[in-house]
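Below is one structure, written out as structure tokens; comments come after it.
Atoms considered below: every heavy atom in the structure, side chains included; atoms not considered: hydrogens, waters and symmetry mates.
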Amino acid sequence: MPHIFFQYYKSTFGELIIGSYENKLCLCDWRYRKMREVIDKRLQKGLNAQYKEETTPIIKETIQQLDAYSQKKHYSFDIPLLFVGTEFQKKVWQALLMIPYGQTNTYLQLSQQLGNEKAIRAVASANGANAISIIVPCHRIIGSDGKLTGYAGGLAAKQKLLTLEGYSKQASQLTIF
């Protein structure tokens with residue numbers, strides 16, 4: 001059976017699990033998130049592969065780019081990605097990749113971009129199912145009222161990521177510097 005190779009990585013934002021399959025990144029997710037088991041099962045079933053703890057060039061490159069990002073030396077990622085999910089989820093994840101560093105979007109704006117503003121809940125669900133956190137910037141999604149909303153890595157990690165990118169949460173609102 002094929003393998004999804006993975007390593008644990010302690011970032012400045014929290015502990016991640018980083019995985020690759022056939023020289024593509026398929027996993028960069030929070031190790032202790034609530035949906036850990038659901039995400040892992042979806043990847044293993046979708047790729048018909050088992051996890052094996054071992055590093056790969058893609059995992060090493062991902063860690064290097066995450067380190068550079070956390071030091072503000074890197075503002076975008078150029079790692080080959082492999083999305084495992086429904087076609088709708090993949091569309092949402094692709095749309096997340098279009099949100100520039102230092103900017104945010106709302107679930108409503110994302111739904112409108114996808115051509116269905118009534119799909120807010122489905123967009124939120126797909127956002128929560130993202131298995132490639134930080135690189136696919138689901139942390140850049142905030143509530144329509146400007147408040148931080150749920151995040152797999154926790155709101156503290158989301159706040160750290162947004163602050164790194166130039167945002168500050170004041171009185172439960174995000175404002176750009």
Side-chain angles (χ1 to χ4, degrees), residues 9 11-19 25-40 42-43 46 62 65-66 68-70 72 74-177:
Y9 163 68
S11 76
T12 57
F13 311 107
E15 193 165 355
L16 299 168
I17 178 173
I18 301 174
L25 185 72
C26 63
L27 180 66
C28 180
D29 203 9
W30 305 97
R31 183 174 181 182
Y32 299 108
R33 72 176 289 176
K34 288 180 184 174
M35 289 179 56
R36 173 82 278 125
E37 191 175 317
V38 172
I39 300 285
D40 293 340
R42 184 182 77 222
L43 288 173
T62 300
Q65 289 189 29
L66 285 168
Y69 166 83
S70 70
K72 290 190 171 189
H74 197 70
Y75 300 99
S76 63
F77 297 92
D78 58 353
I79 298 164
L81 304 176
L82 176 62
F83 293 131
V84 180
T86 67
E87 288 308 309
F88 181 77
Q89 288 172 327
K90 291 175 187 178
K91 284 181 187 175
V92 171
W93 301 331
Q94 286 291 341
L96 289 170
L97 288 170
M98 300 299 118
I99 304 170
Y101 179 97
Q103 294 184 27
T104 59
N105 225 336
T106 66
Y107 294 114
L108 176 60
Q109 289 170 322
L110 208 51
S111 299
Q112 290 168 337
Q113 281 178 286
L114 294 168
N116 184 357
E117 71 178 59
K118 293 184 181 186
I120 295 172
R121 288 182 189 265
V123 166
S125 178
N127 199 52
N130 175 23
I132 309 178
S133 288
I134 304 173
I135 293 161
V136 177
C138 52
H139 63 276
R140 295 181 187 150
I141 299 297
I142 59 173
S144 293
D145 59 2
K147 292 183 180 179
L148 293 183
T149 55
Y151 186 61
L155 290 182
K158 184 172 189 164
Q159 179 63 56
K160 282 183 184 178
L161 291 163
L162 290 172
T163 299
L164 174 79
E165 294 185 10
Y167 281 82
S168 174
K169 184 180 176 193
Q170 297 173 342
S172 299
Q173 299 290 324
L174 288 179
T175 54
I176 193 161
F177 290 130

Show your working on side-chain contact (heavy atoms from CB on, under 4.5 Å) between Arg31 and Tyr9 and close with a plain yes or no.
CA-CA 9 Å; Arg31 183 174 181 182; Tyr9 163 68; over 6 Å; no

What's the separation between atom NZ in Lys147 and atom CD1 in Ile142, rounded to the nearest 0.5 Å?
12.0 Å

dist Ile99:CD1 -> Cys138:SG (nearest 0.5 Å) comes out at 9.5 Å

Heavy-atom distance under 4.5 Å between the side chains of Cys28 and Ile79, does that happen here?
no

Would you say Val38 and Arg42 make side-chain contact, with heavy atoms under 4.5 Å?
no

Are Thr12 and Lys160 close enough that some pair of their side-chain heavy atoms sits under 4.5 Å apart?
no

When you measure from the side chain of His139 to the backbone N and O of Ile141, does any donor-acceptor pair fall under 3.5 Å?
no

Report all side-chain donor-acceptor pairs from residues 82-90 shorter than 3.5 Å, counting only partners two or more places apart or in another chain.
| residue | atom | partner | partner atom | Å |
| --- | --- | --- | --- | --- |
| Thr86 | OG1 | Gln89 | N | 3.0 |
| Gln89 | OE1 | Thr86 | N | 2.8 |

Measure the spacing between NZ of Lys72 and CD of Glu165 and express it to the nearest 0.5 Å.
9.5 Å

Check: residues 125-137 side-chain donor-acceptor pairs under 3.5 Å, at least two apart:
| residue | atom | partner | partner atom | Å |
| --- | --- | --- | --- | --- |
| Asn130 | OD1 | Ile132 | N | 2.9 |
| Asn130 | ND2 | Val136 | O | 2.9 |
| Ser133 | OG | Trp30 | NE1 | 3.3 |

Drop me the distance from Lys91's NZ to Leu114's CG, to the nearest 0.5 angstrom.
8.0 Å

Is there a side-chain contact between Leu97 and Phe77 in this structure, where contact means two heavy atoms from C-beta onward sitting under 4.5 Å apart?
no

List the steps and the verdict of side-chain contact (heavy atoms from CB on, under 4.5 Å) for Leu161 and Tyr151.
CA-CA 11 Å; Leu161 291 163; Tyr151 186 61; 3.4 Å; yes

Between CG on residue Leu27 and CD1 on residue Ile18, distance to nearest 0.5 Å
8.0 Å

Side chain proximity check, Thr149 to Tyr107, heavy atoms < 4.5 angstrom:
yes

Rounded to the nearest 0.5 Å, the CE atom of Met35 sits from the CG atom of Asp29 at a distance of 9.0 Å

Closest non-hydrogen atom pair, Val123 against Ser111
CG2-OG, 3.4 Å

